[in-house]
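Following: one structure in structure tokens, then a few remarks.
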Amino acid sequence: MGLQGQIIPYKNGEKEEDDDERAGKEISPFPPPPLHSKFAVVGYALTSKKIKSFLKPKLEGLARNKGILFVAIDQNRPLSDQGPFDIVLHKLTGKEWRQILEDYRRTHPEVTVLDPPDAIQHLHNRQSMLQCVADMNLSNSYGKVGIPKQIVIKKDASSIPGAVAKAGLMLPIVAKPLVADGSAKSHELSLAYDQQSLQKLEPPLVLQEFVNHGGVMFKVYIVGETIKVVRRFSLPDVCKRELSNIAGVFRFPRVSCAAASADNADLDPGVAELPPRPLLEKLARELCRRLGLRLFNLDIIREHGTRDRFYVIDINYFPGYGKMPEYEHIFTDFLLSLVQNQYKKKST
Ligand SMILES: Nc1ncnc2c1ncn2[C@@H]1O[C@H](COP(=O)(O)OP(=O)(O)OP(=O)(O)O)[C@@H](O)[C@H]1O
Ligand SMILES: O=P(O)(O)O[C@H]1[C@H](O)[C@@H](O)[C@H](OP(=O)(O)O)[C@@H](OP(=O)(O)O)[C@H]1O
Ligand SMILES: [Mg+2]
Ligand SMILES: [Mg+2]
């Protein structure tokens, strides 16, 4: 274990040298301390894109001040020969990697793997991804949360118009690749305006009713028990007149990127109002439990013209936390709480 001493050096919650600027500037470039020191060691296996957006100097600096050390996992060497780790943080795809992690979890039950590969796998299919939300049927005095009506088309594009009519899906329809594995292709979405054009789509797909939501969506970031909500610009509403005048399939880019933050925009208050906190807390808590995940975000929209009718349209594993306000503090506190729980378990 990385935590080999008796004393835990963490100063969780204390006001210390974790001032954002200082954490980033003073400590860089982080000469590695020996692994036998009392650091919590977090091994990470991330893509270079993710390392750039997540493992920023400010995060590493703050982590180090709190007694957390990030160590890159070498994928060319056996995992058991590396570390020792207290936590393994990962976002890589592929059957081989999943197997490596499963084996490691079995042989190293004392290490927290964020998160279990089979649970993550659940989010790699856009149908199973939203099933938990549908099953939950969340409805209380704060609102109702569901998913848009959707069907799966595995193959044969010519069958789509019939399948859509049979399921009673209303146009326009959002077509999303069935597989959501983080690849560029899995984010290539389109909007189909008429029945005939549906044949132009390329299965395997999830076809989802487009829900008007005033052009603003909410991203709910989850890190363990902490949630943060931000507004993003989204696709504009499609009115009936537009629907009867337009035909065809339109590809659209990733509209929910950071550049399109809507947090400071001058918006219709009925559209901009964040979903009620207690509703989101219940949703997040229940999803963590049902999915068995601690690191994810969800995209949620409010049906335009309603106050309390919400739809979850997407769930992403280990999303772009770099865009989540205060993620450095939230993430490091979360890692500390995990290690402290491990320590408590061991000493009882
Ligand atoms: N059913 C829907 N009704 C209305 N708008 C939708 C619907 N589904 C998706 N959208 C819009 O399309 C965008 C992209 O869809 P989605 O989030 O499913 O794709 P993604 O590629 O998985 O996104 P991410 O980058 O968040 O992983 C959403 O952010 C939203 O603006
Ligand atoms: O945080 P939001 O706005 O939801 O968008 C994220 C996507 O959902 C993630 O899939 C991206 O991560 P990957 O590129 O590792 O899949 C992630 O990439 P990033 O971590 O490089 O920013 C983001 O694009
Ligand atoms: Mg999304
Ligand atoms: Mg997604």
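Counting convention: from 1, in listed order, for ligands and their atoms alike. This structure is a prediction, so every number in the text was calculated from the model and none was measured.
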### Task
Report yes or no: is the cationic atom of Arg309 (NZ for Lys, CZ for Arg) under 6.0 Å from the centre of the six-membered ring of Tyr311, at an angle within 45° of the ring normal?
yes
### Task
List every atom of ligand 1 that sits less than 4.0 Å from any heavy atom of Arg126, numbering the atoms from 1 in the order shown and giving each element.
18 (O), 19 (O), 20 (P), 21 (O), 22 (O)
### Task
Only heavy atoms count here, so choose which of Lys176, Met129, Glu188 is nearest to atom 8 (N) of ligand 1.
Lys176
### Message
With a heavy-atom distance limit of 4.0 Å, tell me whether Asp299 approaches ligand 1 through its side chain, its backbone, both, or neither.
### Response
side chain
### Task
Give a yes or no on this: more than 12 heavy atoms of other residues, nucleotides or ligands lie within 6.0 Å of atom CD of Glu202.
no
### Query
N/O/S atom of Asn316 under 2.8 Å from the Mg ion (ligand 4), yes or no?
yes
### Task
Mark up the atoms of ligand 1 that fall under 4.0 Å of a heavy atom belonging to Ser234, in ascending order.
30 (C), 31 (O)
### Where ligand 1 meets Pro148 - atom numbers and elements under 4.0 angstrom, heavy-atom basis
1 (N)
### Message
List ligand 1 atoms under 4.0 Å from Phe252, heavy atoms only on the residue side.
### Response
12 (O)
### Task
Identify, by atom number and element, the atoms of ligand 1 in contact range of Lys219, meaning under 4.0 Å from any of its heavy atoms.
26 (O)
### Query
Is the closest side-chain donor-acceptor distance between Asn297 and Asp299 under 3.5 Å?
no
### Query
Do any N/O atoms on His187 end up under 3.5 angstrom from N/O atoms on ligand 1?
yes
### Task
For Ala247 and Tyr193, work out which heavy atoms get closest and say how close.
CA-CB, 4.2 Å
### Task
Check side chain to side chain donor-acceptor pair (under 3.5 Å) between Gln127 and all other residues, then give those that pass, not counting sequence neighbours.
none
### Leu189, portion touching ligand 1 at heavy-atom distance under 4.0 Å
side chain
### Task
With sequence neighbours excluded, give me every salt bridge (charged side-chain N to carboxylate O under 4.0 Å, His left out) pair touching residues 150-176.
none
### Message
Heavy-atom contact check, 4.0 Å cutoff: does Gln150 meet ligand 1?
### Response
no
### Query
N/O/S atom of Asp299 under 2.8 Å from the Mg ion (ligand 4), yes or no?
no
### Task
Could you tell me which atoms of ligand 1, counted from 1 in the order shown, lie closer than 4.0 angstrom to a heavy atom of His213?
4 (C), 5 (N)
### Task
Look at the aromatic rings of Phe54 and Phe70 and report parallel, tilted or perpendicular, splitting at 30° and 60°.
perpendicular
## Note on the structure
What one should report as the nearest heavy-atom pair of Thr306 and Glu303 is OG1-O, 2.8 Å
### Task
Evaluate the criterion side chain to side chain donor-acceptor pair (under 3.5 Å) for residue pair Asp135 and Asn137; output intermediate values, then yes/no.
CA-CA 5 Å; Asp135 294 346; Asn137 216 351; over 6 Å; no
### Distance-only side-chain donor-acceptor flag, Asp181 / His124, under 3.5 Å
no
### Query
Counting from 1, what ligand 1 atoms have a heavy atom of Leu235 closer than 4.0 Å?
11 (C), 31 (O)
### Message
For the Mg ion (ligand 3), give me the closest N/O/S atom belonging to Asp314, just the atom name.
### Response
OD2
### Query
Is there at least one pair of N or O atoms, one from Val211 and one from ligand 1, spaced under 3.5 Å apart?
yes
